[in-house]
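Here is the structure we will look at.
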Protein chains: 4
Amino acid sequence: MEKETARIEAFSDGVFAIAVTLLVLELHVPAFDVGKKPAMLLTELKAEWPGYIAFVISFFSIFIIWVNHHKVFKQIYRRDTGLMFANGLVLFLVSLVSYPSALLARFYLSESKQVSVTIYTGLFLLINIAFNLLWYQAVKGKDLLRPGINEQAIKQLRDNFLYGFPTYLAAFIISFFFPDAAILICILLWVFWAISSKKINFTDKTHHPNPK
Amino acid sequence: MEKETARIEAFSDGVFAIAVTLLVLELHVPAFDVGKKPAMLLTELKAEWPGYIAFVISFFSIFIIWVNHHKVFKQIYRRDTGLMFANGLVLFLVSLVSYPSALLARFYLSESKQVSVTIYTGLFLLINIAFNLLWYQAVKGKDLLRPGINEQAIKQLRDNFLYGFPTYLAAFIISFFFPDAAILICILLWVFWAISSKKINFTDKTHHPNPK
Amino acid sequence: MEKETARIEAFSDGVFAIAVTLLVLELHVPAFDVGKKPAMLLTELKAEWPGYIAFVISFFSIFIIWVNHHKVFKQIYRRDTGLMFANGLVLFLVSLVSYPSALLARFYLSESKQVSVTIYTGLFLLINIAFNLLWYQAVKGKDLLRPGINEQAIKQLRDNFLYGFPTYLAAFIISFFFPDAAILICILLWVFWAISSKKINFTDKTHHPNPK
Amino acid sequence: MEKETARIEAFSDGVFAIAVTLLVLELHVPAFDVGKKPAMLLTELKAEWPGYIAFVISFFSIFIIWVNHHKVFKQIYRRDTGLMFANGLVLFLVSLVSYPSALLARFYLSESKQVSVTIYTGLFLLINIAFNLLWYQAVKGKDLLRPGINEQAIKQLRDNFLYGFPTYLAAFIISFFFPDAAILICILLWVFWAISSKKINFTDKTHHPNPK
């Protein structure tokens, strides 16, 4: 059966690729007068460190969302309106990431640190919800999934997402009290996803012992 | 028969993806001095609400135009110059959206609200006209359409677009007197398109009872 | 024979799509204080007209370069290093368009009008040269072209490009004396390309009377 | 065997295409008052020359990284997590290029020249390391490579990358003492890659004497 979702994936890839690449525009090049002496330039660049951290975290967050998007859409063969709009919601939130990322970079060293971390983790909580919605739309009737997909593969993907929601919710709640801990939880979640990613790839291979 | 329009779709997907993702650049990050206190930052961010509304409306407008573009091009198999330039016109207007969107965000709370809403709805009226032109170019001789497409599918697609023009025209005219009503009409039209979108997908399935 | 150039086309489509879509960032949204009264906003927006003209011209210039790129690459099946770097040169110059376009928009109403028009037409002259180089790389040994392409198709494509160089050279030279005439020549050339575009499409159909 | 890496390549192409096209945003359009007289505009534009140089070098650096990425992924047929994250690291660093490029453009004519050149060559050293990591992930077990790839092709690709690391390391170290020499080394390395690129293409053809 022909895969109907090629253009959805192409459009989504475009949004993901642009969203990660636009992040660099939030990095601030010091003004000429401030940076014309080497020592001053280095001081300025060092003072930008929250911007670098925000850039790294945002880049790899979006990247891992893309990896998961990729993995989910490998199992989706047909599309319906619900799926398209759930996907649209994911892309909407992903395209928004650079804004709270810029807030985080600018206000991390101010008293507004907690507010900016809460907004940041709040967006990732929303992305997680949207992603679960996308997955729910895809599996609810199984009409949209790859023909011949087995229950175990569906279960594994579902399990993979189940961890995300409580963790992001926890990070969001914790951000009100311990912003740094909230950021740390987000980072640890990606490490987990990077590792669990491996397992599902392995399973995928097991399911296709005889690739054509 | 080979589909000739793959690269047109790829280029169009690129423009749509970039157009939606660039919208975030119009959101304004408060200056450090204005936002360094949490209460001030929250006040600043709240004051940005027309920007968020404009972002949401513009994102989903472009997204729905992309959904329709996707649907129309699924039925187009060959290209001619008229089609390419009609498509170019659609892309030109879509790439422009972030500008009236930024005007709307900046001037919604000023006396210039009506002017900015009129410009905004005016652009969507033009996009609608360009889209109808694209559809007209595609169906006029049927040479460009998917071989074996039936009259009912053509009619359904055409009907889908017929509602757009009078509605956008109405929104544009109403914007001179009741700007908020004009914005509301645009939003309602998308809800309608999201719903009607469903029906056409359903029909598509009926036409291919035996997908290869 | 498999087409080797798919990823070159994808990358090129990306650059073209981004280059046209970034142009909108050069349009200037009036400051809040300048535009908060409707009459002042309209006056401000009207004063931006060279920016709109530059946007329209630059958009459709890049779009037509993309149309031609598309047409040329339909005939190219294999790649070599010369082709990749000639293509890289075209993309480099295309990615640059927004800069002279911004210069043109900003200085068209100043004494620097002629300088900005000369830079602008100069860039399109360079793009034309790079495009001819790309075409030269593609046809020089015929190894790279679509198997079975006939002499007439090659000749037609070559003729199509022959008109470009003298015209852009003329526009560039004329820009030193009559900037508006130079802009007009560029516009007329696109109209010509849009029309001649039709003829080659027609020929293409003739060559494939029995598409598989 | 089906190529599993199509969407990774599409996403990567997107990031590369955006990264090269965003560079133009770092070019500085003179303010109206500074450029309204032709002589002043020309003086201003001439003073921007480090920006043009940085633009050219950064564009073709990313372009050549893309050419190599393209070449490596032609040999990769399957993906695993290690490959995806090594690729993510390459894309992360590539998306960052415009920042040190802007630093270089702004501070090349100041006392901070050496610092900005060191940061710039340092980033390309990191990209080279990430690229070697990607290649290492691809070849370590040969499971991911094109079925039937021979040792000679692998060796040629590996040799191609071997030169890069010591050269970029040398450029990075030299940048502390002779910044201009470091820039020159980077440029010479691309010329080498452009030439060596040719040889590998030639080998590729030899390996497929009977393309289907």
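Convention: sequence-line order gives letters A, B, ...; per-chain numbering from 1.
With rounding to the nearest 0.5 angstrom, the CD atom of Glu111(B) is 9.5 Å from the CE atom of Met40(C). Atom CD of Glu44(C) and atom CG of Leu103(B) lie 11.0 Å apart (nearest 0.5 Å). Atom CG of residue Leu96(B) and atom CZ of residue Phe59(C) lie 9.0 Å apart, to the nearest 0.5 angstrom. Leu41(C) contributes atom CG, which lies 14.5 Å from atom NZ of Lys113(B) (distance to the nearest 0.5 angstrom).
With Phe11(B) as the partner, the ring pair (Phe, Tyr, Trp, His ring centres under 6.0 Å) test is satisfied by one option alone out of Phe73(C), Phe16(C), Trp66(C): Trp66(C).
Note on Leu91(B), Asp13(B), Leu109(B): by heavy-atom pairs under 4.5 Å with chain C, the leading option is Leu91(B). Put simply, of Leu23(C), Leu45(C), Val24(C), the one with the most heavy-atom pairs under 4.5 Å next to chain B is Val24(C). For the set Ala10(C), Pro38(C), Ser12(C), the entry with the most heavy-atom pairs within less than 4.5 Å of chain B is Pro38(C).
For a residue to count as touching a neighbouring chain, one of its non-hydrogen atoms must lie under 4.5 Å from one of that chain's; by this rule Ile18(B) touches chain C with backbone and side chain alike. Only the side chain of Val115(B) comes within contact range of chain C, with heavy atoms under 4.5 Å apart. In this structure, chain C has a heavy atom under 4.5 Å from the side chain of Ile119(B), while its backbone stays farther away.
Considering all non-hydrogen atoms of both residues, Val67(C) and Met84(B) come closest at CG2-CE, 4.1 Å. Scanning all heavy atoms of the two residues, the minimum distance from Ser112(B) to Gly35(C) falls at OG-O, 2.5 Å. Closest approach of Arg106(B) and Val29(C) over heavy atoms only: NH1-O, 3.3 Å. Here the closest heavy-atom approach between residue Ser110(B) and residue Lys36(C) is recorded as OG-O, 3.5 Å.
Remark: Phe176(B) CZ is packed, more than 12 non-hydrogen atoms of other residues, nucleotides or ligands lying under 6.0 Å away. The environment of Phe32(C) atom CZ is dense: over 12 non-hydrogen atoms of other residues, nucleotides or ligands sit within 6.0 angstrom.
When atom types are taken as modelled, the side chain of Tyr99(B) and the backbone of Leu25(C) share no donor-acceptor pair closer than 3.5 angstrom.
Residues Phe60(C) and Phe92(B) place their aromatic rings such that the two centres sit under 6.0 Å apart.
The aromatic rings of Phe63(C) and Phe85(B) stand perpendicular to each other, their planes meeting at an angle above 60°, with 30° marking the opposite boundary.
Counting heavy atoms from C-beta on, the side chains of Val94(B) and Thr21(C) never come closer than 4.5 Å.
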